[in-house]
Amino acid sequence: MRRGPDAYVASYLLAALGGNSSPSTKDIKKILDSVGIEADDDWLNKVMSELNGKNIEDVIAQGIGKLASVPAGGAVAVSAAPGSAASAAGSAPAAAEEKKYEKKEESEESDDDMGFGLFD
């Protein structure tokens, strides 16, 4: 089975998390083979050239910063700093939406009996 670049990046990260600070193409192929993925040399070389010699923590931090600016259909943006204003502001719309949902539920329940009960 062939996969896109995400499998190669994930394999690189797994190797780095396992203690190998500079995984080789052989290490990545071994990880991919262990889960039944046939390594594509073009993808492998591309990922290796992009990540080789870089600190994984720095790469992840840069990626989180880039993802924070991506619109996600009304979802609250991820903030790189915990407890920042973005996360505090994001909780208010979620609470308002929850209240709206609760009010809607209550009105549906009151309409169900239409003023009389089954055993009245």
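Only heavy atoms go into these numbers, but all of them, side chains included; no hydrogens, no water, no symmetry mates.
- Note on Y12 and L44: same hydrophobic cluster, where clusters join Ile, Leu, Val, Met, Phe, Trp and Tyr whose side-chain heavy atoms are under 4.5 Å apart, directly or indirectly.
- For the pair Y8 (side chain) and D40 (backbone), a donor-acceptor distance under 3.5 Å is present.
- P23 approaches A16 most closely through the heavy-atom pair CG-N, 4.2 Å.
- Not counting sequence neighbours, the partners of D41 by the salt bridge (charged side-chain N to carboxylate O under 4.0 Å, His left out) test are K29.
- Through direct or indirect side-chain contacts shorter than 4.5 Å among Ile, Leu, Val, Met, Phe, Trp and Tyr, L17 is connected to no other residue.
- Contacts of S24 classified as side chain to side chain contact (heavy atoms under 4.5 Å, CB included), with partners at least two apart in sequence or in another chain: K26, D27.
- Residues that satisfy the side chain to side chain contact (heavy atoms under 4.5 Å, CB included) test with N55, not counting sequence neighbours, are E57, D58.
- Partners of V35 under the side chain to side chain contact (heavy atoms under 4.5 Å, CB included) rule, at least two apart in sequence or in another chain, are I37.
- Residues N52 and S22 come closest through the heavy atom pair OD1-OG, 3.9 Å.
- In this view, L13 and V9, I56, I60 satisfy the side chain to side chain contact (heavy atoms under 4.5 Å, CB included) rule, not counting sequence neighbours.
- In this structure, CD1 in I28 is found 8.5 Å from CG in L51, a value given to the nearest 0.5 Å.
- Scanning all heavy atoms of the two residues, the minimum distance from L32 to A7 falls at CD2-O, 3.8 Å.
- Residues passing the salt bridge (charged side-chain N to carboxylate O under 4.0 Å, His left out) test with D33: none are found, sequence neighbours excluded.
- Legend: residues meeting salt bridge (charged side-chain N to carboxylate O under 4.0 Å, His left out) with K46, ordered by chain and number and at least two apart, are E50.
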